[in-house]
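Worksheet: one structure, shown below.
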Amino acid sequence: MAVVRLFHWKSAEAGPLIAKLRSAGYEVAYKGETQSPSVREIRDTAPAAIMIDLSRRPSHGRDVVAWVRGSKSIRHIPIVFVDGDPAKVEVIRREIPDAVYTTQSRLLAAWKRVKPLKDPMVPRQMMETDPSRTAAQKLGIREGAVVGLIDPPADYKKVLGKLPAGVVLEENTDRVCALALWFVRDPGEYEAALPARRVLATRSRLWILWQKGRRDGLNGNFVRQGALAMGLVDYKICSVDRVWSGMVFAVKKARS
């Protein structure tokens, strides 16, 4: 039985889509809302397609496909986007034109267009890699800013590059800073430190940075899912340099 790997960020609403796929004869691999996939998991599952629901958190779906297409061993797997706000879907369509776009009502008809890709598009534009922009510009470091550094690497000055005038860098400080950069290297230590970092995010703009190309599961999806479970929400992702990527978080506002 062919497998479909589903990404949907509202478990309570995923049922009808899962039922439709199963009725069509597919096995559905769905890990729920707090999913942190790995290349190995996707590769071992060998899905006929990766299906991404865009009706909830389309930016998350966008990041999943950037991660998939950025991984050589799984980028050939066809991508199917389902539903979503038309304007937001169109933005993703311009970036990933070789994916299949459909709605739940037209899903089975659209499935005829799903097939492995010989030369899949790698959406470099989904990561902020403009060489004309400095790391400081990408991270929002401005003149005179006090920037807190948490567990910075030895070469952090090289990572950050040229900084605006008057910027002060504070390593592992308790001082309240407008901006904090947390350099993460270990999945377990990341999860253990998240509660304290959530407190920090109530008073500082919190960037969480991780190294690219790791094989221990420490990637953008892992970082995001851990932070979401802690009541944080991301609103920007960027490629800081050739080694580090980053995502900025704020405390999620309670609904009134």
Side-chain angles (χ1 to χ4, degrees), residues 7 9 31-38 56-57 59-64 66-67 127-128 134-142 144-161 163-164 167-255:
F7 288 86
W9 285 272
K31 307 296 184 180
E33 297 174 34
T34 57
Q35 47 201 331
S36 181
S38 67
R56 295 280 185 169
R57 298 176 180 171
S59 64
H60 291 16
R62 181 178 181 273
D63 290 342
V64 167
W67 168 71
M127 292 289 285
E128 189 178 331
T134 66
Q137 288 173 323
K138 296 175 184 179
L139 296 169
I141 301 175
R142 305 190 180 191
V146 178
V147 180
L149 304 176
I150 305 169
D151 300 329
D155 64 343
Y156 71 83
K157 290 183 179 179
K158 180 180 178 181
V159 173
L160 297 179
L163 296 171
V167 170
V168 177
L169 301 178
E170 297 270 359
E171 293 187 50
N172 299 312
T173 180
D174 292 329
R175 181 179 177 183
V176 176
C177 304
L179 185 89
L181 307 179
W182 179 19
F183 294 84
V184 177
R185 299 179 189 79
D186 181 86
E189 292 179 2
Y190 169 69
E191 292 178 317
L194 267 172
R197 302 297 176 249
R198 185 191 185 284
V199 175
L200 175 63
T202 63
R203 60 180 188 267
S204 300
R205 187 151 42 99
L206 177 63
W207 277 94
I208 302 178
L209 293 84
W210 67 93
Q211 294 168 309
K212 302 174 183 178
R214 295 175 61 109
R215 298 184 178 180
D216 59 357
L218 181 54
N219 54 40
N221 284 311
F222 180 84
V223 167
R224 171 183 285 116
Q225 296 305 326
L228 287 174
M230 200 54 58
L232 298 173
V233 61
D234 61 289
Y235 56 93
K236 183 180 179 183
I237 184 172
C238 81
S239 175
V240 181
D241 67 358
R242 289 183 298 177
V243 176
W244 295 90
S245 291
M247 202 176 295
V248 66
F249 290 87
V251 176
K252 187 175 182 179
K253 295 180 179 180
R255 293 183 178 180

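As the structure is a computational prediction, the values presented were derived from the model and not from experiment. In this chain, residues are counted from 1 in sequence order.
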(request) Please list, chain by chain and in numerical order, all residues satisfying salt bridge (charged side-chain N to carboxylate O under 4.0 Å, His left out) with Glu170, sequence neighbours excluded. (result) Arg175

(request) Output all residues satisfying salt bridge (charged side-chain N to carboxylate O under 4.0 Å, His left out) with Asp234, sequence neighbours left out; order by chain, then residue number. (result) Arg224

(message) Quick one, Lys31 and Phe7 - any side-chain contact, counting heavy atoms below 4.5 Å?
(response) no

(message) For a quick test of reading the model, state the closest non-hydrogen atom pair linking Ser239 to Lys138 and the distance between them.
(response) O-NZ, 2.8 Å

(request) Please report the shortest heavy-atom distance between Ala135 and Leu160, naming the atom on each side. (result) CB-O, 3.5 Å

(message) I want to check something: taking the side chain as every heavy atom from C-beta on, are Val184 and Asp186 in contact at a cut-off of under 4.5 Å?
(response) no

(message) Once side-chain contact (heavy atoms from CB on, under 4.5 Å) is applied, do any residues pair with Asp216, and if so which ones, sequence neighbours excluded?
(response) Pro187, Arg214, Leu218

(message) Using 0.5 Å steps for rounding, measure from the CZ atom of Arg185 to the CZ atom of Phe183.
(response) 8.0 Å

(message) Looking at Met230, is its backbone amide N or carbonyl O close enough to the side chain of Arg198 to form a donor-acceptor pair, meaning the two atoms are under 3.5 Å apart?
(response) yes

(message) Please check this pair: side chain of Gln137 against backbone of Thr134, looking for a donor-acceptor N/O pair closer than 3.5 Å.
(response) yes

(request) Any chance you could measure Gln225, atom CD, to Trp9, atom CH2, to the nearest 0.5 Å? (result) 7.5 Å

(request) Please report the shortest heavy-atom distance between Val240 and Leu209, naming the atom on each side. (result) CG2-CD2, 3.6 Å

(message) Holding to side-chain hydrogen bond (donor to acceptor under 3.5 Å, both in side chains), I want the full list of residues that pass it with Glu191, two or more places apart in sequence or in another chain.
(response) none

(request) Could you tell me whether the side chain of Val248 reaches within less than 4.5 Å of the side chain of Leu139, counting heavy atoms only? (result) no

(request) Verify side chain to side chain contact (heavy atoms under 4.5 Å, CB included) between Val146 and Val167, making sure each step is shown before the conclusion. (result) CA-CA 6 Å; Val146 178; Val167 170; over 6 Å; no

(request) Scan residues 237-250 for pairs that pass salt bridge (charged side-chain N to carboxylate O under 4.0 Å, His left out), counting only residues two or more places apart or in two chains. (result) none

(message) Tell me if a side-chain donor or acceptor on Ser204 pairs with a main-chain N or O of Ala201 at a distance below 3.5 Å.
(response) no

(request) Could you grab the distance from atom NZ of Lys157 to atom CG of Leu149, nearest 0.5 Å is fine? (result) 10.0 Å

(request) Please report the shortest heavy-atom distance between Ala227 and Phe249, naming the atom on each side. (result) CB-CE2, 3.4 Å

(request) Applying side chain to side chain contact (heavy atoms under 4.5 Å, CB included), run through Val159 and Val243 and close with a yes or a no. (result) CA-CA 8 Å; Val159 173; Val243 176; over 6 Å; no

(message) Is any side-chain heavy atom of Ile150 closer than 4.5 Å to one of Arg197?
(response) yes

(message) Tell me every residue that passes ring-ring contact (aromatic ring centres under 6.0 Å, His included) with Tyr190, counting only those two or more places apart in sequence or in another chain.
(response) Trp182, Phe222

(message) Does anything in residues 200-211 form a salt bridge (charged side-chain N to carboxylate O under 4.0 Å, His left out)? List the pairs, not counting sequence neighbours.
(response) none

(request) Would you check if Arg57 and Leu228 make a side-chain contact, meaning some heavy-atom pair closer than 4.5 Å? (result) yes

(request) Using a 4.5 Å cut-off on heavy atoms from C-beta on, say whether the side chain of Asn172 contacts that of Asp151. (result) yes

(request) First locate atom OG1 of Thr202, then atom CG of Leu232, and finally report the distance between them rounded to the nearest 0.5 Å. (result) 10.0 Å

(request) Could you grab the distance from atom CG of Leu181 to atom CD1 of Ile141, nearest 0.5 Å is fine? (result) 5.5 Å

(request) Identify the heavy atoms of Trp244 and Pro153 that sit nearest to each other, and give their distance. (result) CZ2-CG, 4.0 Å

(message) If you define the side chain from C-beta out and look only at heavy atoms, does anything of Ser245 sit under 4.5 Å from Lys212?
(response) yes

